[in-house]
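The structure appears below as structure tokens.
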Amino acid sequence: MPLHPVAAALPSHKKPLTLSLSDPPSPSDAPTAPPKPVKAPTPKGTKPGKAGGGGGAPAQPSSSEADIVLLRTGKAATLRANGQEPYAYSFARTHTAAQLADEHSDLADGAIAEDLPAPVAVAGRVLARRVMGKLAFLKVADESGSLQLYVDRAALESVREGAFGDVKALVDVGDIVGATGGVRRTEKGELSVAATTLTVLTKALRPLPDKWHGLADVEKRYRQRYVDLIVNPAARAALVARARMTAAVRRELEGRGFLEVETPVLEASAGGADARPFTTFHNALGQPYALRIAPELHLKRLVVGGFERVFEIGRVFRNEGVSTRHNPEFTAVEAYQAYADYGDMMDLAEALIRAAALAVSGGASAVVTYQGRELDFGAPFRRATMAELVGQVAGVADPEAVFGPDADLEAARAAAIAAIAASGGSTAAAAAAPTPGHALNAVFEEVVEATLLSPTFVLDHPASLSPLAKPHRSTPGAAERFELFVAGRELANAYSEATDPVDQRAKLEAQVARHAAAAAAAAAARPAGTPAADDDPDQYPVELDADFLAALEYGLPPTGGLGIGLDRLAMLLTDSASIRDVIAFPLMKRVVPAAKKEGGEGGEGKE
């Protein structure tokens with residue numbers, strides 16, 4: 001499958017992306033001889049035809065954005081008064097930029113395309129413009145690429161008198177235009193449409209960022225993503241690559257007989273993970289609800305109901321911290337397969353990630369470069385137990401015994417603290433570990449995790465941290481669970497799912513009790529008047545899902561379950577340093593006028 005033209009820009013973010021245009025006007029849209037033009041207002045401190053990118057020049061220093069909006073609003077009024085609707089209803093495009101480039105790839109420099117069956121019609125956004133006497137050159141971009149409009153005064157005014165003057169005075173960088181005409185290649189090799197008509201389809205009121213500096217404010221890039229997408233080809237490329245990745249994951253699962261389903265986002269109690277949920281209230285039912293923190297428990301209900309292979313690609317919500325790797329709402333794929341175990345899920349995870357990597361590369365390779373490091377998703381992934389890795393990386397001798405189910409808790413804590421302190425990490429989690437398994441996990445997270453750069457399955461997590469997984473069939477104290485780590489971060493999580501309803505009830509009840517004890521301890525330790533931290537355990541409940549336990553009592557077949565974070569996978573496949581780069585509209589703290597805040601008197605502030 002050929003690469004989407006925007007995705008093709010991914011291998012080199014510095015490589016300029018070529019964009020395109022297309023669409024001929026209908027006869028009713030054809031320009032007619034205009035009445036006497038209405039003069040657009042010229043704000044103080046600006047020169048006519050220059051503000052807002054006219055002629056490719058930056059706005060005069062004294063021109064505020066409000067001045068430019070006023071000037072361009074006047075230009076839209078002039079167009080309308082001249083009989084040209086500045087916000088068109090449609091445009092019959094015949095070619096995109098990529099299609100035109102493909103059809104005329106053999107056109108020689110300086111040549112004109114002969115024997116065209118009809119004039120071509122292209123459309124797109126004006127990214128640059130130059131006026132040179134009786135000629136104007138406009139770079140116009142559409143989704144597929146870019147091309148040049150070659151605007152000759154004589155050719156344009158042979159159709160409508162005054163049309164060239166309108167181009168000079170009323171068309172700005174940022175406007176969306178449509179043009180019809182022939183095809184030629186300039187002496188410098190630029191494929192161009194020699195316009196005989198040029199119509200403003202959408203008059204842009206706000207100017208685009210300066211072409212040399214782009215949208216430099218990183219936070220503004222995320223807040224005004226639409227502007228970032230206009231001027232930053234790499235931003236568009238990342239979103240196209242993400243779409244290809246998601247489609248590949250879906251195709252691979254469907255090809256293996258999995259059925260895509262949808263499960264509730266609103267839940268009476270959030271389950272399937274230990275995380276603080278977002279909460280809301282259903283007015284008609286008069287009941288509080290939580291946004292799901294995982295789709296897991298409902299998907300397993302479907303397996304109980306007889307669907308042997310199910311998956312869901314959907315949004316998950318966790319009311320927790322924000323960082324370059326975390327967004328409060330994120331996209332995950334979860335898949336459940338009856339009569340399978342976590343070994344089968346390892347094979348499935350490799351296949352899904354490999355298919356995604358190949359889709360993003362256009363089938364060329366499953367090897368990607370992330371932040372300067374090569375990651376090979378085509379080779380078999382490394383497999384090692386958590387205890388083995390703690391022994392190898394943290395230097396803990398005989399970690400299976402030190403952190404085993406029969407180990408002394410204080411001795412396990414001491415060993416964990418010593419290993420973490422030697423590496424300069426935080427010992428807080430190790431010191432508070434409620435079980436030897438928690439102490440083992442603390443060492444892993446503080447010392448080992450960041451070292452796992454190549455794809456690595458970390459197997460056999462402590463059972464005390466894995467209440468939804470089966471106990472390991474041969475290693476006491478461990479669960480049949482793995483997490484996949486790449487580039488020092490977790491990418492996937494999977495279990496041999498717990499199917500014994502009595503054992504599952506006991507584990508979940510123990511989890512609820514541990515959380516309640518931790519919540520009470522956190523509340524008691526907090527000085528009076530001190531606000532709680534968002535992740536303090538007393539700030540959110542962990543509740544028993546009685547209906548899920550009832551479903552297990554009807555019988556869940558042996559099942560393997562897998563979850564993959566698609567945002568993080570997209571980061572790896574697009575070489576994006578921040579999770580926000582692969583989310584079209586990442587969650588941002590709301591900006592409100594300071595005057596609206598109590599006691600505010602203007603300006604802007606953050607709520």
Side-chain angles (χ1 to χ4, degrees), residues 273-274 296 336-337 339-350 380-416 419-420 429-430 433-449 451-452 455-485 490-511 514 552 556-563:
D274 186 354
E296 176 172 348
Y336 292 83
Q337 179 179 340
Y339 312 111
D341 63 10
Y342 79 143
D344 298 301
M345 294 300 101
M346 281 183 252
D347 296 338
L348 180 60
E350 282 197 33
F381 296 179
R382 177 189 180 193
R383 303 184 182 194
T385 69
M386 180 181 285
E388 289 170 348
L389 291 168
V390 165
Q392 294 166 9
V393 179
V396 177
D398 197 9
E400 292 86 353
V402 173
F403 301 111
D406 299 324
D408 177 75
L409 177 57
E410 290 303 321
R413 286 175 176 169
I420 294 170
T435 68
H438 283 78
L440 172 67
N441 187 68
V443 179
F444 174 80
E445 291 185 347
E446 289 293 330
V447 182
V448 179
E449 186 174 307
T451 70
L452 302 177
T456 302
F457 288 120
V458 179
L459 315 178
D460 305 348
H461 290 230
S464 54
L465 278 81
S466 312
L468 295 171
K470 278 185 176 296
H472 199 281
R473 63 195 81 181
S474 59
T475 304
E480 292 205 349
R481 173 188 178 187
F482 73 77
E483 289 180 336
L484 173 61
F485 285 82
E490 179 194 345
L491 184 61
N493 189 18
Y495 313 142
S496 294
E497 300 292 340
T499 56
D500 180 341
V502 176
D503 180 62
Q504 182 68 98
R505 179 180 291 276
K507 287 180 177 177
L508 292 179
E509 287 176 345
Q511 181 188 35
R514 278 197 305 272
L552 288 188
L556 174 67
T559 299
L562 167 68

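Positions are given from 1 along the sequence.
Here Ala492 pairs with Leu484, Leu562, Ile564 under the side-chain contact (heavy atoms from CB on, under 4.5 Å) rule; sequence neighbours left out. Every residue meeting the side-chain hydrogen bond (donor to acceptor under 3.5 Å, both in side chains) condition with Arg413, not counting sequence neighbours, appears here in chain and number order: Glu410. Every residue meeting the side-chain hydrogen bond (donor to acceptor under 3.5 Å, both in side chains) condition with Asp503, not counting sequence neighbours, appears here in chain and number order: Lys507. Not counting sequence neighbours, the partners of Ala340 by the side-chain contact (heavy atoms from CB on, under 4.5 Å) test are Gln337, Asp344, Met345. Qualifying side-chain hydrogen bond (donor to acceptor under 3.5 Å, both in side chains) partners for Glu483, counting only residues two or more places apart in sequence or in other chains: Arg481. Listed by chain and residue number, nothing satisfies the ring-ring contact (aromatic ring centres under 6.0 Å, His included) test with Tyr342 (two or more places apart in sequence, or in another chain). Residues satisfying the side-chain hydrogen bond (donor to acceptor under 3.5 Å, both in side chains) test with Gln392, not counting sequence neighbours, are Arg382. For Phe444, the ring-ring contact (aromatic ring centres under 6.0 Å, His included) partners two or more places apart in sequence, or in a different chain, are Phe485. Applying the side-chain contact (heavy atoms from CB on, under 4.5 Å) rule to Pro476 yields the partners Pro405; only residues at least two apart in sequence or on another chain are considered.
The side chain to side chain donor-acceptor pair (under 3.5 Å) analysis of residues 440-449, with sequence neighbours excluded, yields the pairs Asn441-Glu445. Listed by first and then second residue, the side chain to side chain donor-acceptor pair (under 3.5 Å) pairs that reach into residues 393-407 come to none, sequence neighbours excluded. Listed by first and then second residue, the salt bridge (Lys or Arg N to Asp or Glu O under 4.0 Å) pairs that reach into residues 457-467 come to none, sequence neighbours excluded.
Side-chain atoms of Gln504 come within 3.5 Å of backbone N or O of Pro467 as a donor-acceptor pair.
Leu468 approaches Glu497 most closely through the heavy-atom pair O-OE1, 3.4 Å. Minimum heavy-atom separation, Ala439 to Ala416: O-CB, 3.7 Å. Nearest heavy atoms, Ala401 versus Ala407: O-CB, 3.4 Å. Ala387 and Pro399 make their closest contact through O-CG, 3.1 Å (heavy atoms, listed as atom of the first residue, atom of the second, distance). The two residues Ala469 and Ala479 make their nearest non-hydrogen contact at CB-CB, 4.0 Å. Residues Leu409 and Ala433 come closest through the heavy atom pair CD1-O, 3.6 Å.
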Worksheet item: Does the pair Val448 and Val390 meet the rule for a side-chain contact (heavy atoms from CB on, under 4.5 Å), with working shown?
Response: CA-CA 7 Å; Val448 179; Val390 165; 4.2 Å; yes
Item to complete: Could you please spell out the steps behind the side-chain contact (heavy atoms from CB on, under 4.5 Å) verdict for Thr499 and Leu552?
Response: CA-CA 7 Å; Thr499 56; Leu552 288 188; 5.8 Å; no
Item to complete: Using the side-chain contact (heavy atoms from CB on, under 4.5 Å) rule, take Met386 and Phe403 through it: C-alpha gap first, then chi angles, then the decisive distance, then the call.
Response: CA-CA 11 Å; Met386 180 181 285; Phe403 301 111; over 6 Å; no
Discussion item. Run Leu459 and Met346 through side-chain contact (heavy atoms from CB on, under 4.5 Å) and show every step you take.
Written reply: CA-CA 10 Å; Leu459 315 178; Met346 281 183 252; 3.6 Å; yes
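Annotation: side chain of Phe457 is in contact with side chain of Glu350 (closest heavy-atom distance under 4.5 Å).
Residue Ser466 holds its OG atom at 10.0 Å from CD of Gln511, rounded to the nearest 0.5 Å. Considering CG of Leu389 and OG1 of Thr451, their distance stands at 7.0 Å, rounded to 0.5 Å. For the atom pair OG1 of Thr435 and CZ of Arg514, the computed distance is 7.0 Å after rounding to the nearest 0.5 Å.
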